[in-house]
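Notes follow once the structure below has been shown.
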Amino acid sequence: MRNFFFILLMVMVLPVSAAKLSTVSITYDYLSNDRNESKAEAEIHAIEKAKQRALENAFGVDVSSIIVSLDKERSIDGELINDEDFFSLGSTVARGEWIETVKEEILNIYHDGVLWHVRVFVEGKAREKAGAPVDLHYAFINNAHDKQNRTAYYDNDDIFLRFSSPVSGALCVYLVDDEKTAYCLLPYMGSTQGYQDVRANKEYLFFNSDEDREADEYVLTAQKNVEHNVLYVIFSSNKFTKARDRKGGRNWRKQPVPRNLAYKDFLEWLSKNQTADKNMQVRTEVITISH
């Protein structure tokens, strides 16, 4: 019995090993959303957002942090978070943390007469906050032949999703617009379940009726000169419940819109699922739609 307690004590005092450091890197295209932004400010913001995007790509998004950020903002002024902060949330709540910068480089920068366009490369050491994420591959594109992810679109552009996963699971995709409404792009409007089944190691091209006759095809629209939308890619190796969204109507162009719900209700649904399912991963992509 004495020896037993000695061994137990040794186990208790052993230090818990820190999360393993990973090397993360990304080439990132930044478009400023403020015409008064200076060149120096645009370069700084581009580097910051590139780091956050690299973390998100590696470790996913913590949805509960978005809810906390929104609540904090409301508690300050009693209103919804402003557009700039709201859409930056998509790349500031990664489930990982930046530890050390290995390389930062401005690859290209130019001004189009209104806004700055900056391409940067960053590489660094990072660690995950929780869990080991599945290595998902996806790209939002406006041409079915494209491979590279696209974040800048024009009014009336088509949008497709190229997706693959090394494990089978359940997938859904939502788009959140300027009006803080979350639209379900996947599963399609005719589905009664909350997810799309995907098979391991198969590349899918969603929103394309040439590959799937049941597919809904989508066209991006903008009423203002520039609008920001957030795309949510939600994946788990487990099935999950459907959000309480409602049937979509038609937009101002009399085009049908997908099922939808308020952004706050969407986040609450997503947070509950992410809390209950350690295998659920969330990725976000902030896109601009211009006239």
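Just so it is clear, the model here is predicted, and its values are computed rather than measured.
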Pro258 and Cys184 have their tightest heavy-atom pair at CB-O, 3.1 Å

Name the atoms and distances for all side-chain donor-acceptor pairs under 3.5 Å in residues 104-117, with sequence neighbours left out.
unit_1: Glu104; atom_1: OE2; unit_2: Lys51; atom_2: NZ; d: 3.0
unit_1: Tyr110; atom_1: OH; unit_2: His117; atom_2: ND1; d: 3.4
unit_1: His111; atom_1: ND1; unit_2: Gly113; atom_2: N; d: 3.0
unit_1: His111; atom_1: NE2; unit_2: Val114; atom_2: O; d: 3.4
unit_1: Asp112; atom_1: OD1; unit_2: Val114; atom_2: N; d: 2.8
unit_1: Asp112; atom_1: OD1; unit_2: Leu115; atom_2: N; d: 2.6
unit_1: Asp112; atom_1: OD2; unit_2: His117; atom_2: NE2; d: 2.9
unit_1: Trp116; atom_1: NE1; unit_2: Glu37; atom_2: O; d: 3.1

Closest contact, heavy atoms only, Gln193 versus Arg259: O-NH2, 4.3 Å

Geometric class of the Tyr232/Phe266 ring pair [parallel <30°, tilted 30-60°, perpendicular >60°]: perpendicular

Tyr204 versus Leu161: any side-chain heavy-atom pair under 4.5 Å? no

Taking everything shown except Lys242 itself, do over 12 heavy atoms lie less than 6.0 Å from its NZ? yes

Rounded to the nearest 0.5 angstrom, the OG1-CG distance for Thr284 and Asn229 is 12.5 Å

ILVMFWY cluster, Tyr263 and Leu261 together (side-chain gap under 4.5 Å): yes

Might you point out which heavy atoms bring Arg53 and Val286 nearest each other, and give the distance in Å? NH2-N, 3.8 Å

For Trp269 and Cys172 the tightest heavy-atom approach is CH2-SG, 4.0 Å

Look at the side chain of Glu217 and the backbone N and O of Ser209, then say whether any donor-acceptor pair between them is shorter than 3.5 Å. yes

Using the rule that two of Ile, Leu, Val, Met, Phe, Trp, Tyr join whenever any of their side-chain heavy atoms come within less than 4.5 Å, decide whether Val233 and Val198 are in one cluster. yes

Are the side chains of Asp178 and His228 in touch, meaning some heavy atoms are under 4.5 Å apart? yes

Hey, are Arg244 and Glu268 close enough for a salt bridge, meaning a charged N less than 4.0 Å from a carboxylate O? no

Using 4.0 Å as the upper bound for N to carboxylate O, is an ion pair formed by Arg283 and Glu56? no

Given Glu179 and Gln223, is the side chain to side chain contact (heavy atoms under 4.5 Å, CB included) satisfied, shown in steps? CA-CA 11 Å; Glu179 302 300 319; Gln223 289 182 283; 5.6 Å; no

Same hydrophobic cluster for Leu31 and Val230, using side-chain heavy-atom links shorter than 4.5 Å among ILVMFWY? no

More than 12 heavy atoms of other residues, nucleotides or ligands under 6.0 Å from CD of Gln148: yes or no? no

I want to check something: taking the side chain as every heavy atom from C-beta on, are Ser32 and Lys39 in contact at a cut-off of under 4.5 Å? no

Arg162 and Ile141 have their tightest heavy-atom pair at NH2-CD1, 3.7 Å

Quick one: are Ser290 and Asn225 in side-chain contact, heavy atoms under 4.5 Å? no

Please assess Asn149 against Thr151 for the test side chain to side chain contact (heavy atoms under 4.5 Å, CB included), listing each intermediate value before the final yes or no. CA-CA 7 Å; Asn149 191 59; Thr151 59; 3.8 Å; yes

Lys/Arg N to Asp/Glu carboxylate O, Arg150 vs Asp157, below 4.0 Å: yes

Determine whether Asn142 and Leu220 make a side-chain contact, defined as any pair of heavy atoms from C-beta on separated by less than 4.5 Å. no

What heavy-atom pair brings Ala46 and Tyr28 nearest, and what distance separates the two atoms? O-CD2, 4.0 Å

Option among Thr181, Asp245, Asn260 that satisfies the side-chain hydrogen bond (donor to acceptor under 3.5 Å, both in side chains) test with Tyr174: Asp245

Please evaluate residues Val134 and Ser237 with respect to the criterion side chain to side chain contact (heavy atoms under 4.5 Å, CB included), reporting the C-alpha separation (whole Å), side-chain torsions for both, the decisive distance (0.1 Å), and the verdict. CA-CA 9 Å; Val134 175; Ser237 55; 6.0 Å; no

Measure the shortest side-chain to side-chain distance between Leu231 and Ile159 over non-hydrogen atoms and say whether it is less than 4.5 angstrom. yes

Could you go through residues 119-126 and list every donor-acceptor pair under 3.5 Å that involves a side-chain atom there, pairing it with any protein atom two or more places apart or in another chain?
unit_1: Arg119; atom_1: NE; unit_2: Asp29; atom_2: OD1; d: 2.6
unit_1: Arg119; atom_1: NH2; unit_2: Asp29; atom_2: OD1; d: 3.3
unit_1: Arg119; atom_1: NH2; unit_2: Asp29; atom_2: OD2; d: 2.9
unit_1: Lys125; atom_1: NZ; unit_2: Thr23; atom_2: OG1; d: 2.9

Can Asp155 and Lys224 be said to form a side chain to side chain contact (heavy atoms under 4.5 Å, CB included), step by step? CA-CA 10 Å; Asp155 185 46; Lys224 296 182 289 189; over 6 Å; no

Please work out whether the ring planes of Tyr188 and Tyr218 are parallel, tilted or perpendicular, with thresholds of 30° and 60°. tilted

Would you say Thr241 and Asn273 make side-chain contact, with heavy atoms under 4.5 Å? yes

State, yes or no, whether a side-chain contact exists between Phe140 and Val173 at a heavy-atom distance under 4.5 Å. yes

Measuring from atom CG of Asp212 to atom CZ of Phe206, what distance do you get when rounded to the nearest 0.5 angstrom? 8.5 Å

Report yes or no: do Leu205 and Leu136 belong to one cluster of Ile/Leu/Val/Met/Phe/Trp/Tyr joined by side chain heavy-atom distances under 4.5 Å? yes

May I ask whether Tyr195 and Leu267 are part of the same hydrophobic cluster, defined by side-chain heavy atoms of I, L, V, M, F, W, Y residues being less than 4.5 angstrom apart, directly or through others? yes

